[in-house]
Protein chains: 4
Amino acid sequence: MAVQKDEVTAAGSPDRLLALSDGIYAIAMTLLVLDVKVPDGLDEKAFRDAMGNLWPQVAAYGLSFYVLAAFWRDHRRLFLLARQLDTSLLRLTMASLGAIALLPFPTALLADYPDEPAAVSLYAIVIVVIEAFHMAIAAMLWRREHLQAEPISDALGHAVLWDLGTTAIVFGLSVPIAWLSPTAALWTWLLLIPAKITSGRGLRSAMRSSPTP
Amino acid sequence: MAVQKDEVTAAGSPDRLLALSDGIYAIAMTLLVLDVKVPDGLDEKAFRDAMGNLWPQVAAYGLSFYVLAAFWRDHRRLFLLARQLDTSLLRLTMASLGAIALLPFPTALLADYPDEPAAVSLYAIVIVVIEAFHMAIAAMLWRREHLQAEPISDALGHAVLWDLGTTAIVFGLSVPIAWLSPTAALWTWLLLIPAKITSGRGLRSAMRSSPTP
Amino acid sequence: MAVQKDEVTAAGSPDRLLALSDGIYAIAMTLLVLDVKVPDGLDEKAFRDAMGNLWPQVAAYGLSFYVLAAFWRDHRRLFLLARQLDTSLLRLTMASLGAIALLPFPTALLADYPDEPAAVSLYAIVIVVIEAFHMAIAAMLWRREHLQAEPISDALGHAVLWDLGTTAIVFGLSVPIAWLSPTAALWTWLLLIPAKITSGRGLRSAMRSSPTP
Amino acid sequence: MAVQKDEVTAAGSPDRLLALSDGIYAIAMTLLVLDVKVPDGLDEKAFRDAMGNLWPQVAAYGLSFYVLAAFWRDHRRLFLLARQLDTSLLRLTMASLGAIALLPFPTALLADYPDEPAAVSLYAIVIVVIEAFHMAIAAMLWRREHLQAEPISDALGHAVLWDLGTTAIVFGLSVPIAWLSPTAALWTWLLLIPAKITSGRGLRSAMRSSPTP
C-alpha cells in the first residue's frame with residue numbers, strides 16, 4: 001500500500017507467473033486431443049462406425065480449444081495492465097489456473113454425455129468460475145494502483161469487467177437450462193456470439209488504440 | 001490501419017503468443033510417444049511379436065515429429081517477419097495451433113490403420129489445413145505493413161507463399177489418391193523431398209542472407 | 001570460490017533452469033487432471049453413481065494443485081535470491097524437480113486408496129523430500145555469497161528455512177500417524193493453516209518489503 | 001560462410017529453439033511418471049502386492065529422469081557456446097529432440113521387461129543416438145566460427161567431445177552385453193560414475209572457470 005510507483009521489485013515481477021501460465025494453457029489445450037481416439041484393431045466396418053461416431057469428441061475438442069484460446073487472450077490482456085504482483089493477485093491467478101487445468105475433465109464429460117444435465121452444467125460452471133477469477137483479477141488491478149502498468153481509467157475498468165461478465169452471464173444462465181434440457185443449454189451458448197461482439201466493441205473503444213489482440 | 005510504424009504497443013507484442021506456441025508445439029511433439037507402447041506382462045514370444053509389430057507406430061512417430069518440426073520452423077520464420085500482432089493475426093495463429101494440437105490424433109490413426117483411406121486422407125487434410133493457416137498468416141504479414149518487423153519485398157512474399165503452398169499441394173493431391181490406394185498416397189508424400197528442395201532454394205535466394213534456419 | 005561478485009558468467013545464469021522448472025511445474029499441475037475421469041458408455045444410473053463417487057479424485061486434484069502452486073511459489077522466491085548457478089545448486093534443483101514431477105503418482109494413489117497407510121504416508125513423504133531439497137537450496141544460497149542476487153541477512157536466512165521447515169514438520173509428523181489412522185493423518189495436514197500463517201508472517205517481516213508474492 | 005562475426009541476425013538467434021527444447025525436455029521428464037501407477041479398486045492384499053512390485057517402475061523413472069537431466073545439462077552447456085543458428089545446427093538439434101521425446105518409450109519397456117535383451121539394448125541405443133547428435137552439435141560449433149558465442153579452443157573442443165563420448169561408449173558397450181545378459185548390461189552402466197567423474201574433470205579444467213553448472 002505504501003509502495004511507490006517507481007519501486008518495481010524483482011519480487012513483484014510477473015514474468016515467471018506468465019511463463020507458468022502460458023505453460024499451463026498450452027498443456028491444457030494439447031491434452032484435449034487425448035480424448036479424440038479410435039480403438040486399435042477394429043475391422044473395416046467397426047472402424048468406419050467409430051470414425052462416424054467421433055463427431056462429439058471432435059466438436060468438444062474444438063469448443064474447448066476455442067474457449068481456452070479466448071481465456072488465454074483475456075489473461076494476456078489482463079496482465080498487459082499489470083506491472084507488479086502482490087500476494088492476492090498471485091493467489092487469484094493460481095486459482096484461475098487451477099480451473100483452467102481442470103477443463104479437460106468437463107470437456108471429456110461433455111463429449112461422452114452430451115445428454116446429461118450434470119455434464120453440460122458442470123462444463124458451464126467451470127467456465128463461470130474461471131470468468132469469476134478473471135473478473136476478480138481485473139477488479140483488483142483496477143483498484144490497486146501500485147500494481148498497474150499504467151493508469152486504468154474507469155471507462156476501461158468497466159469495459160473489461162463487462163466484457164468478462166458477459167461470458168459469465170451466458171454460461172451461468174445455461175446452468176439451470178441444462179437441468180430442463182441439456183440440448184437447449186448448448187444452444188444458449190450461441191448467445192455468446194452477439195454478446196461478445198457488443199462487449200468487445202465497448203472494450204476496444206475504451207482502449208482507444210487500434211491493435212487490441 | 002492508422003497505426004504508425006514506430007507505435008509498437010505492448011498490446012501488440014507477439015512475445016507471449018510465441019511462448020504459448022512453443023509450448024503447444026513442444027507438447028504435441030512429445031505426446032506422440034504415448035502411442036508407441038508394448039503391453040505389460042507379455043510372455044517372451046508375445047513380447048518379441050509385439051516389438052516386431054511396432055514399426056508402424058515408430059514410423060508414424062518419426063513422420064509426425066518431422067512434420068511438426070518443419071511446421072515449427074515455418075512458424076518461427078513467419079514470426080521473424082512480424083513485430084506486432086493485431087486481432088486477425090492472433091486469431092489465425094490460434095486456429096493454426098488448434099490444428100497443430102490435433103495432429104497426435106491422425107498420427108495414431110495412421111499408425112493403427114495405414115490401409116484405411118479415411119485414416120490416410122485425414123492425416124493429409126490436417127496438414128493441408130495447417131499449411132493454409134500458415135499461408136494466410138504469411139499473406140496477412142505481407143499486406144499489413146504496420147505488422148512487419150521490416151519491409152517484406154514482393155519477391156520474399158511470393159517465395160514464402162510458394163514454399164508453404166508446395167506442401168499443401170502435395171498433401172492435397174494425396175487426399176483423392178488415398179481413396180483409390182492408401183499405400184499410393186503414402187508414396188506420394190515422397191514428392192515433398194524434391195519439391196521442398198526447389199521451393200526452399202527460391203526462399204533462401206529471396207531472403208538473400210546466408211543463415212536461414 | 002575465488003569467483004568475484006561482479007563476474008556473472010553466462011554459464012552461471014539461472015535463466016534456462018527457471019524455464020525448465022516452470023515447464024515441469026506447469027506439466028505436473030496439468031497432468032493431475034488425467035485422474036479425474038468418468039468411463040464412457042455408462043447408462044444414466046451408472047453415470048450418476050460415477051459422478052457421485054468422483055469426490056476423492058476432485059479433492060486430490062485440488063490438494064495437489066494447491067501443493068504444487070505453493071512449491072512453485074517457494075521455488076520462485078528462492079531463485080529471486082540467486083543470480084548465479086553452480087554445479088551443486090543445479091543438481092539440488094534438478095533433484096527437487098524429479099520429486100515434483102513424481103507427485104502425480106502419490107496423488108492418484110491418495111485419491112484411489114485414502115484408507116491405505118502406504119498411500120497417505122507416501123504422499124506425505126514425497127512432500128517432505130521436496131521441502132528438504134528446497135531447504136538445502138535455501139541453505140546453500142545463504143552460505144555461498146557468490147551465488148546471491150543481493151546479500152541474505154541471517155534473519156532472512158532463518159525465516160526462509162523456518163517457513164519451509166514448517167511444512168516438512170507437519171507432513172513428517174503425519175507419516176507415523178498414517179500407520180495408526182490414515183484419516184487422522186489427513187486431518188493433521190490442516191495444522192498447516194495456522195503453522196504457515198505464523199511462519200509466513202515471520203518471513204514477510206524478515207523481507208521487510210510489502211509485496212512478497 | 002561469408003557471414004561476419006558481428007552480423008547476428010534475428011534469423012540466427014537460438015532463443016526460440018531453446019524455448020522449444022526446454023519445453024520438450026520438461027514434458028519428456030514429466031511424462032515418465034505416467035508409467036508409475038497402481039490399478040484402482042484392488043483389495044488390501046492386492047494393493048500391497050502392487051505397491052511392492054512397483055520398484056522397477058520407480059527405478060526406471062529415477063534413471064530416466066537422471067538421464068534426461070544430464071542430457072539437458074549437456075544441451076545447455078552446448079548452447080552456451082552458440083550465439084547463432086544455421087540450417088544444419090537447427091536440424092541436428094531437432095533430431096536430438098526427436099530422440100529425447102522418444103525416451104519415455106524405452107523407459108517403460110525397461111521397467112516392464114528388464115530381463116529382455118531387446119528392452120535393455122533399445123534403451124542403450126536411444127541414449128547412444130542422443131549422445132551422437134550432441135557430439136555432432138559440439139563438433140559443428142567447434143568448426144563453424146561464425147556460430148560461436150566466443151572462440152572455442154581446441155582443448156575445450158576435445159574435452160567437450162570426450163565428455164559426451166564417454167557416455168556413448170559405456171552405453172554402446174552395453175548393447176552387445178545385453179544380448180548375453182540383460183542384467184550384466186545394467187551393471188555396465190555403473191561404469192559411467194567413474195568415467196564421467198574423469199571426463200568432467202577434464203571438461204572443467206578446459207573451461208578454466210570455476211562455475212560450470
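Every chain is numbered from 1, with letters handed out A, B, ... down the list of sequences.
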Exercise. Top residue by heavy-atom pair count (under 4.5 Å) with chain C, among D:Asp40, D:Val38, D:Leu18, D:Leu68?
Worked result: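 Greatest number of close heavy-atom pairs with chain C: D:Asp40.
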Exercise. Side chain to side chain contact (heavy atoms under 4.5 Å, CB included) between C:Leu20 and D:Arg76: does it pass, once the steps are laid out?
Worked result: CA-CA 11 Å; C:Leu20 186 81; D:Arg76 182 177 173 279; over 6 Å; no
Problem set entry | Contacting region of C:Leu17 [heavy-atom separation from chain D under 4.5 Å] |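 Contact with chain D involves both backbone and side-chain atoms of C:Leu17.
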For this session: Kindly compute the distance separating NZ (D:Lys37) from CG (C:Asp112), expressed to the nearest 0.5 Å.
Result: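 With rounding to 0.5 Å, NZ (D:Lys37) is 12.0 Å from CG (C:Asp112).
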Exercise. Could you give the distance from CD (D:Glu44) to CG (C:Asp115), rounded to the nearest 0.5 Å?
Worked result: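 Reported to 0.5 Å precision, the distance equals 9.0 Å.
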Provide the closest heavy-atom pair for [X] versus [Y] in the form atom of the first, atom of the second, distance.
X: D:Phe65; Y: C:Leu97; result: CZ-C, 3.5 Å
X: D:Val36; Y: C:Phe105; result: O-CD1, 3.1 Å
X: C:Tyr113; Y: D:Gly41; result: OH-N, 3.2 Å
X: C:Arg16; Y: D:Trp72; result: O-CZ2, 3.5 Å

Exercise. Is a side-chain N or O of D:Tyr61 found less than 3.5 angstrom from the main chain of C:Gly98, in a donor-acceptor match?
Worked result: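 Between the backbone of C:Gly98 and the side chain of D:Tyr61 there is a qualifying donor-acceptor contact (under 3.5 Å).
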Exercise. For chain D, which residues of residues 24-34 of chain C have at least one non-hydrogen atom nearer than 4.5 Å to it?
Worked result: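 Within residues 24-34 of chain C, near chain D: C:Ile24, C:Ile27, C:Ala28, C:Leu31, C:Leu34.
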Exercise. If you check every heavy atom in residues 158-167 of chain D against those of chain C, which residues fall under 4.5 Å?
Worked result: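 Result: none.
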Exercise. Can D:Arg73 and C:Arg91 be said to form a side chain to side chain contact (heavy atoms under 4.5 Å, CB included), step by step?
Worked result: CA-CA 10 Å; D:Arg73 192 181 167 186; C:Arg91 279 190 191 148; 3.9 Å; yes
Problem set entry | Contacting moiety of D:Tyr66, where chain C heavy atoms sit under 4.5 Å |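 Neither; nothing under 4.5 Å.
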